[in-house]
*Asks:* 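To start, I am sharing the structure in question, which I have written as structure tokens.
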Number of protein chains: 2
Amino acid sequence: MSDPIRTRRGPYAKSAERRQQIVEQAYRAFATRGYHGSSLREIAAASGISLSTLQHHFATKEELLITVLTRRDQQGHGTVSGQEGLPFREHILAQAAANEGVPGLIALYSILSAEAVTPEHPGHVYFAERYDALREEYEAEFAALRAQGRLRPGVEPALAATTVVALWEGVQLQWLYAPDRVDAGAALRAYLELVIVPQRDEP
Amino acid sequence: MSDPIRTRRGPYAKSAERRQQIVEQAYRAFATRGYHGSSLREIAAASGISLSTLQHHFATKEELLITVLTRRDQQGHGTVSGQEGLPFREHILAQAAANEGVPGLIALYSILSAEAVTPEHPGHVYFAERYDALREEYEAEFAALRAQGRLRPGVEPALAATTVVALWEGVQLQWLYAPDRVDAGAALRAYLELVIVPQRDEP
DNA sequence: GTCTATATCGGGATAGAC
DNA sequence: GTCTATCCCGATATAGAC
């Protein structure tokens, strides 16, 4: 059996590599100028290829956006997943700190989630589902804390979940405008400490 | 002295009226599709005039955006300004409730503030200054509360100010995605009640 | 897989008649 | 003040050679 593409390490190897380059540059573009504000030409140029080549790998701009979003999702989850045992509060703070370390990641979600508010936006469904999932996940965490008697009385898990998601996004947006004047982690931490009762062996 | 425009109620009356119409439609467009996603043609059509006429009143798209933002600012402040004596907490909640009653207002600020994160965006300076002003204003309010002993111990006025602004914006964004599942006012109220100690004569 | 060339469309801005 | 017509640009997308 002769292999017509034996010069590559594997079939589609070059394609996969190219796609990754393109996704990386698209991510930078979307994160700074949003979806409407970015052009395929600019992304192609940044990737060092022609517009047509980009379009050979991603048929439409929309397909590229979806790829960027889902790709970043997987990477994002991987960042902190090595520390599964962390309690909720530390888990969130670790995630927030990790996000700040990934250039453009915060901007990507902040800009696109606002741009995609209108239902016609190609990213609308993605963000609608993302918010739902985040709220559900955090609500479960808060509910578990309450079951352990570690939630301040009067705090509603559902409302607290919405609040954490909102606070996180909102403080990140302000941080993008004034990184030196806004401390996203501190704001998040202060809220969680206000809402979660410390364990006995904690200070 | 003959008046060449005596058929109007006053000089520039028609212009002012036209400008207001245009601003109104531009506001709707920017609030749903953002700045980049909206076109002058579409705004002109919605205003019932031609593109050229719109451009006669607003030389550039950027000028139109700035006008929309500052115009809405004045109207927004006017809404609740009749109740100057309200304490901080009620003032914020009243403002939030009022905002929800103005269709598109929340979307306008949410979408544009995220889109304008990049310094090249024509609205960037406006939002940077707006965030600074909001944080300063709220910080002063929290500081005043602390002076009265009505701030929960450990709560930093500056951080609380950032938090309120972030929470407000973030919860509004979620509300735009799922108006039936997110209660912006409740989230804001819950946070403020967590942070502000009730007065003696309050429940 | 990658390119050049081109089609087609829609954007903002301009010129000039009325 | 308002319009039609047009310019010029940049956008996505397509065709087809190599």
Side-chain angles (χ1 to χ4, degrees), chain A residues 3-26 28-30 32-68 115 118 120-123, chain B residues 3-26 28-30 32-68 115 118 120-123:
Chain A
D3 183 0
I5 46 174
R6 64 188 178 280
T7 56
R8 300 171 196 158
R9 286 191 300 273
Y12 310 114
K14 196 169 184 184
S15 244
E17 199 178 324
R18 264 274 178 274
R19 284 176 63 95
Q20 193 182 339
Q21 289 175 2
I22 296 168
V23 168
E24 173 63 26
Q25 297 304 326
R28 293 166 102 98
F30 292 152
T32 52
R33 282 172 297 280
Y35 179 75
H36 290 307
S38 303
S39 75
L40 295 181
R41 279 183 157 84
E42 137 197 29
I43 296 169
S47 306
I49 58 174
S50 76
L51 171 62
S52 300
T53 300
L54 187 156
Q55 289 173 316
H56 170 73
H57 293 281
F58 297 94
T60 68
K61 191 183 184 182
E62 182 171 341
E63 183 190 328
L64 181 54
L65 172 69
I66 299 300
T67 306
V68 167
E115 194 183 22
T118 173
E120 293 80 32
H121 194 287
Chain B
D3 184 2
I5 45 175
R6 64 187 177 282
T7 56
R8 299 172 197 159
R9 287 190 300 272
Y12 310 114
K14 195 167 184 184
S15 244
E17 198 176 325
R18 264 275 178 271
R19 283 175 64 94
Q20 194 181 341
Q21 289 175 3
I22 295 168
V23 167
E24 172 63 27
Q25 296 304 325
R28 293 166 103 97
F30 291 152
T32 51
R33 281 172 296 281
Y35 179 75
H36 290 307
S38 303
S39 74
L40 295 181
R41 281 184 156 84
E42 139 197 27
I43 296 170
S47 307
I49 58 174
S50 76
L51 170 63
S52 300
T53 300
L54 187 156
Q55 290 174 316
H56 170 74
H57 292 281
F58 297 94
T60 67
K61 191 183 184 182
E62 182 171 339
E63 183 190 328
L64 181 54
L65 173 69
I66 299 300
T67 306
V68 167
E115 193 184 23
T118 173
E120 293 82 30
H121 194 287

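Order of the sequence lines sets the chain letters (A, B, ...), proteins ahead of strands, with each chain counted from 1.
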*Asks:* Spell out, as yes or no, whether a donor-acceptor pair under 3.5 Å connects the side chain of A:E115 to the backbone of A:H36.
*Replies:*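 Indeed, once roles are kept as given, a pair shorter than 3.5 Å links the two residues.
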*Asks:* Please report the distance, rounded to the nearest Å, between CD in B:E42 and P in C:dG11.
*Replies:*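 Between P of C:dG11 and CD of B:E42: 8 Å.
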*Asks:* Ignoring the backbone of B:S52, work out which of C:dT2, D:dC3, D:dT14 is nearest its side chain.
*Replies:*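 Among C:dT2, D:dC3, D:dT14, the one nearest the side chain of B:S52 is D:dC3.
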*Asks:* Whole-Å distance between C:dG11 P and B:I43 CD1?
*Replies:*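 Atom CD1 in B:I43 sits about 10 Å away from atom P in C:dG11.
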*Asks:* Working to the nearest 0.5 Å, report the span between OG of A:S50 and CG of A:L40.
*Replies:*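 Between atom OG of A:S50 and atom CG of A:L40 there are 11.5 Å.
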*Asks:* Side chains of B:L65 and B:H121, heavy atoms from C-beta outward: is any pair under 4.5 Å?
*Replies:*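 Answer yes - side chains close enough.
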*Asks:* From NZ of B:K61 over to C1' of C:dG10, roughly how many Å is that when rounded to an integer?
*Replies:*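 Going from NZ in B:K61 over to C1' in C:dG10 covers 11 Å.
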*Asks:* I want to verify a distance call: between C:dG12, C:dT2, D:dT4, whose nearest atom is closest to the B:L40 side chain?
*Replies:*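 From the listed options, C:dG12 comes nearest.
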*Asks:* Any side-chain heavy atom of B:Q20 sitting closer than 4.5 Å to one from B:E17?
*Replies:*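 Answer no - side chains too far apart.
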*Asks:* Evaluate the side-chain proximity of B:I22 to B:T53: yes if any heavy-atom separation is below 4.5 Å, no if none is.
*Replies:*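 The answer is no, as the side chains (C-beta and beyond) never meet within the 4.5 Å cut-off.
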*Asks:* Taking CZ from B:R19 and P from D:dT2, how many angstroms apart are they, rounded to a whole number?
*Replies:*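 Rounding to the nearest Å, CZ of B:R19 and P of D:dT2 are 12 Å apart.
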*Asks:* I want to check one thing: is the phosphate of D:dT2, taken as OP1 and OP2, less than 4.0 Å away from some side-chain N or O of B:T53?
*Replies:*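 No, B:T53 has no side-chain N/O under 4.0 Å of OP1/OP2 on D:dT2.
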*Asks:* If I take atom CZ in residue A:F58 and atom P in nucleotide D:dA13, what distance separates them, rounded to the nearest angstrom?
*Replies:*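 For the pair A:F58 CZ and D:dA13 P, the rounded distance is 13 Å.
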*Asks:* Nearest to the B:I49 side chain among D:dA13, C:dA13, D:dC3, which nucleotide is it?
*Replies:*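 My answer, after comparing the listed nucleotides, is D:dC3.
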*Asks:* Would you mind telling me which of D:dT2, C:dC3, C:dT2 lies closest to the side-chain atoms of A:R18?
*Replies:*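 My answer, after comparing the listed nucleotides, is C:dT2.
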*Asks:* Is B:I43 close to B:F30 at the side-chain level, that is, under 4.5 Å between some pair of heavy atoms?
*Replies:*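 When only atoms from C-beta onward are counted, B:I43 and B:F30 do touch, with a gap below 4.5 Å.
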*Asks:* When you look at B:T118 and B:E120, which way does the side-chain hydrogen bond (donor to acceptor under 3.5 Å, both in side chains) test go after all the steps?
*Replies:* CA-CA 6 Å; B:T118 173; B:E120 293 82 30; 2.5 Å; yes
*Asks:* Of the candidate nucleotides C:dT2, C:dC3, D:dT2, which contains the atom at the shortest distance from the side chain of B:H57?
*Replies:*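 The closest nucleotide is D:dT2.
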*Asks:* Identify each atom pair where a protein N or O and an N or O of nucleotides 6-10 of chain D are less than 3.5 Å apart, giving names and distance.
*Replies:*
none

*Asks:* Could you check how far CD of B:E62 sits from C1' of C:dA13, rounded to whole Å?
*Replies:*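 Going from CD in B:E62 over to C1' in C:dA13 covers 14 Å.
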*Asks:* Can you tell me how far P of D:dT4 sits from CG of B:L54, to the nearest Å?
*Replies:*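 Taking CG of B:L54 and P of D:dT4, I get 14 Å after rounding.
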*Asks:* Roughly how many Å is it from NE2 in B:H56 to P in D:dT4, rounded to a whole number?
*Replies:*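 Going from NE2 in B:H56 over to P in D:dT4 covers 16 Å.
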